[in-house]
Structure formats: structure tokens, C-alpha cells
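Quick note: numbers below take in every heavy atom, side chains included, and nothing from hydrogens, waters or symmetry partners.
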Amino acid sequence: MKVFLLLFISLLCFGCNKRVHRKGEITKIEFARDGLSITPGVTIGIDETLDYKYFGNYESQHQKYLVGKVSSQFWDTLTRKLHAIKFKTVKATIDPLDESEEYYELIVYWTNGKRRLLRVWSKEPDPVLSLCEWIDTSYKKVKLHKANGIIKFETLHHSIAEPIPDTVWGQK
């Protein structure tokens, strides 16, 4: 009985620490919300190694580059939500894009590709927009600290991209 219990505990410990990487699985996301005059923009990057990268006003301070780690449960929830919205086939842009409204941009990377989804804030129900709003508040679940340098994101919106220099985060 003791041998069985020891074997069970060992398997449980090893099983909890290993992440199975399935082919085609999501490897990283980048998110940006442009800032209108009343709300500053934010950019967030999260990857399968659980690294969390943030650029924006944090706790009412000036724009900063911050980093942290998310839990594996958070990453699993994020990937589950992405699959639920069918990120590979959902309409990439909702027309019309009105530049006077708040933009949301979500880039999903997987083993052999990536997909960019753009949305404008709307009162109409939209699962992509709901996911973007969830990601936008995700910094509250992460213990962040100052990054050692700058972080480059691939997001397009000008109010997010302008202050970011030419180094590229995430390229191998």
C-alpha cells in the first residue's frame, strides 16, 4: 500500500509540472487598447512560458514597461477562451472601424501562424470584444515589476506603437 501511495504521489507531482505542448497550440498573444484622450492606452503580451509583459500607465503613474508571471491556470483559461471564440475563423475586423472610438487589437500566435483581430468598443455583444476587455484587466491578477529594458510589441495602433523603439520582443 505504501509503495502504491508513493508511486501515486510521484506521478501526480511529475504530471503537474509538465505542460503537454500540442501541435498547433497557442504560443503567445499580444493585446493593445489604444488610448483616447480620457484613457491611456495599454499593450500586453503573454506567452506559453507564462511571461507577462505590460506597457502602459500602471497604478495612475506614467507609462512604464513592466513584467511578471501568470499562473498556468490563467494561461489555460486564456487559451480556452481563445478557442471558444474560434480565433482562427472568427471575423478579423468588425466594420466600420471608427477612429473616434477605442480600438482593441488582439494577435494570437500558434505553432505555425498568427492571426490579428481588431475591434472597436461597442455596446453590441461581441465575444472577441468581451475577451479583449478581460485581457485588458488581466494586469490586476499579476504581480508586476519594472522591466530591465524596453519591450517591443507587434501591435499596430499608432498610439501604442509610437513610443516603442526598434528592438523586437519574442523573436528567436
Q) Taking all non-hydrogen atoms of both residues, which atom of Glu105 and which atom of Ile107 are closest, and how far apart? A) OE2-CD1, 3.9 Å
**Q.** Heavy-atom pair of closest approach, residues Tyr65 and Gly149
**A.** CB-O, 3.7 Å
Q. Taking Asp34 for the side chain and Gly41 for the main chain, is one N or O donor matched with an acceptor at less than 3.5 Å?
A. no
Q: Measure from the side-chain N and O atoms of Arg119 to the backbone N and O of Leu106, and report whether any donor-acceptor pair falls under 3.5 Å.
A: no
Q. Residues two or more places apart in sequence or in another chain: which of them pass salt bridge (charged side-chain N to carboxylate O under 4.0 Å, His left out) with Lys81?
A. none
Q: Output, in order, the C-alpha distance, side-chain angles, deciding distance and verdict of side-chain contact (heavy atoms from CB on, under 4.5 Å) for Ile44 and Val42.
A: CA-CA 7 Å; Ile44 296 170; Val42 66; 4.2 Å; yes
Q. Closest heavy-atom contact between Lys91 and Leu117?
A. O-CD2, 4.2 Å
Q. Quick one: does Asp51's side chain get under 4.5 Å of Lys69's, heavy atoms only?
A. yes
Q | Heavy-atom pair with the smallest gap, counting every atom of Ile85 and Leu82 | A | CG1-O, 3.1 Å
**Q.** Trp110 six-ring centre to Lys28 NZ/CZ under 6.0 Å and within 45° of normal
**A.** no
(Q) Could you work out, with salt bridge (charged side-chain N to carboxylate O under 4.0 Å, His left out) as the rule, every residue matching Arg115, not counting sequence neighbours? (A) none
Q. By ring pair (Phe, Tyr, Trp, His ring centres under 6.0 Å), which residues pair with Trp134, not counting sequence neighbours?
A. Phe74
Q.
Applying the side-chain contact (heavy atoms from CB on, under 4.5 Å) criterion to Tyr52, which one of Val67, Val142, Asp47 satisfies it?
A. Val142
Q. Got a second to check how far Glu30's CD is from Lys152's NZ, nearest 0.5 Å?
A. 9.0 Å
(Q) Within this structure, what is the OH-OG distance for the pair Tyr104 and Ser130, rounded to the nearest 0.5 Å? (A) 10.0 Å
